[in-house]
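Remember, it's 1-based here, ligands and their atoms both numbered in the order they're listed.
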Amino acid sequence: MAEPTRVRVIDSHTGGEPTRVVLDGGPALAGSTMAERRTDFALRFDQFRSAIVNEPRGSDVLVGALLTPPEREGSDAGVVFFNNVGMLGMCGHGTIGVVETLRHLGRVREGTVRLDTPVGLVEATLRPDGAVAFDNVASYRTVKDVGVHLDGGEHVVGDVAYGGNWFFLASAGERPIALEHVGSLTAFTTRIRAALERAEITGEGGAEIDHVELYTESDTPGVDSRNFVLCPGMAYDRSPCGTGTSAKVACLAQDGKLAEGEVWRQESVTGSVFEAKVRRGPNGWLPTIAGRAWVTGESTLLLNPEDPLCWGLGAP
Ligand code: PYC
């Protein structure tokens, strides 16, 4: 029998969206910047990615976070986020999950936590009440009110915006954003994504728009909006999506509908809430997103190469 590779992980959820942090047993990534390390991860260790987040050890909804040594002096850790289909630029709920995991391990305390990510430095504050607020990368809208024709004949109008990942944001219109409708919301946003691809509508530099966000008003007192976010691997975000909320508040600020420092409460389809604010920055709007994560498990995954499903279902 071959000795299995042991991978120590900590699982958490942020507003219902799970994060699995890889502590030990992961690949040592080549590169001095986090962007180089993400490329190395994607090129050389895609099987490892799949083994950690895909079934039978994980599921389509799970986001993985591989910790690395920091890129910058003074940072607490480097982190590369990944999911069931590949790498993520940034991940808001994952950032909150990583900070809570580092707190759980005693590696950080209340106050400032600095994480190097492939899209830049993300500074977070671990608050006395356990909530984590992170200052996201500059977020901005590149296209307002672009129309797309879906294969079913509908015409949908929305905005293209960046919040650490690329988003298409559109009103849900008459479609209720509710848990009992996630099947039809997933089907609808999947068709939007396909239409964007057909129409060759992209983010800056031809970047794929791999997140689709529908929004509507919230019925919850004190909450501004409710959303449904389709993630790149076709799972929906159980949290309000940190990068999606960043893209949303950047659009609102750009339209003069959200003042600097004003609080925006964004609810997810599951009812979890993030609080967001923006400041004007030199390259866009600088969102601060706050939410809470909870550690749900500490475990050691076993990767046995003799197991036919060692590298996960759908492994490359
Ligand atoms: O919270 O930014 C986020 C996120 C991206 C994909 C899943 N969650």
Can you tell me how far NE2 of H104 sits from CH2 of W294, rounded to the nearest 0.5 angstrom? 13.0 Å
Counting only heavy atoms closer than 4.0 Å, does ligand 1 sit against the backbone of D237, its side chain, both, or neither? side chain
Suppose I only count heavy atoms of T243 and a 4.0 Å limit; which atoms of ligand 1 are within that range? 2 (O), 3 (C), 5 (C)
Could you tell me whether some N/O pair between S239 and ligand 1 is separated by less than 3.5 angstrom? no
With L67, the side chain to side chain contact (heavy atoms under 4.5 Å, CB included) member among T101, V80, V22, L102: L102
Please say whether more than 12 non-hydrogen atoms of neighbouring residues, nucleotides or ligands are located less than 6.0 Å from CD in Q47. yes
Residue portion contacting ligand 1 (non-hydrogen atoms closer than 4.0 Å) for C241: both
Using the six-membered ring wherever Trp is involved, compare the ring planes of H211 and F167 and label them parallel, tilted or perpendicular (cut-offs 30° and 60°). tilted
Are there more than 12 heavy atoms of other residues, nucleotides or ligands under 6.0 Å from atom CD of E200? no
Close-contact set for ligand 1 against H211 heavy atoms, below 4.0 Å: 5 (C), 6 (C)
Those atoms of ligand 1 less than 4.0 Å from some heavy atom in C231: 6 (C), 7 (C)
Among protein heavy atoms, which lies nearest atom 3 (C) of ligand 1, and at what distance? G92 N, 3.2 Å
G242 neighbourhood, listing ligand 1 atoms whose heavy-atom distance to it stays under 4.0 Å: 1 (O), 2 (O), 3 (C)
Between F228 and Y236, how do the two ring planes meet: parallel, tilted or perpendicular, split at 30° and 60°? parallel
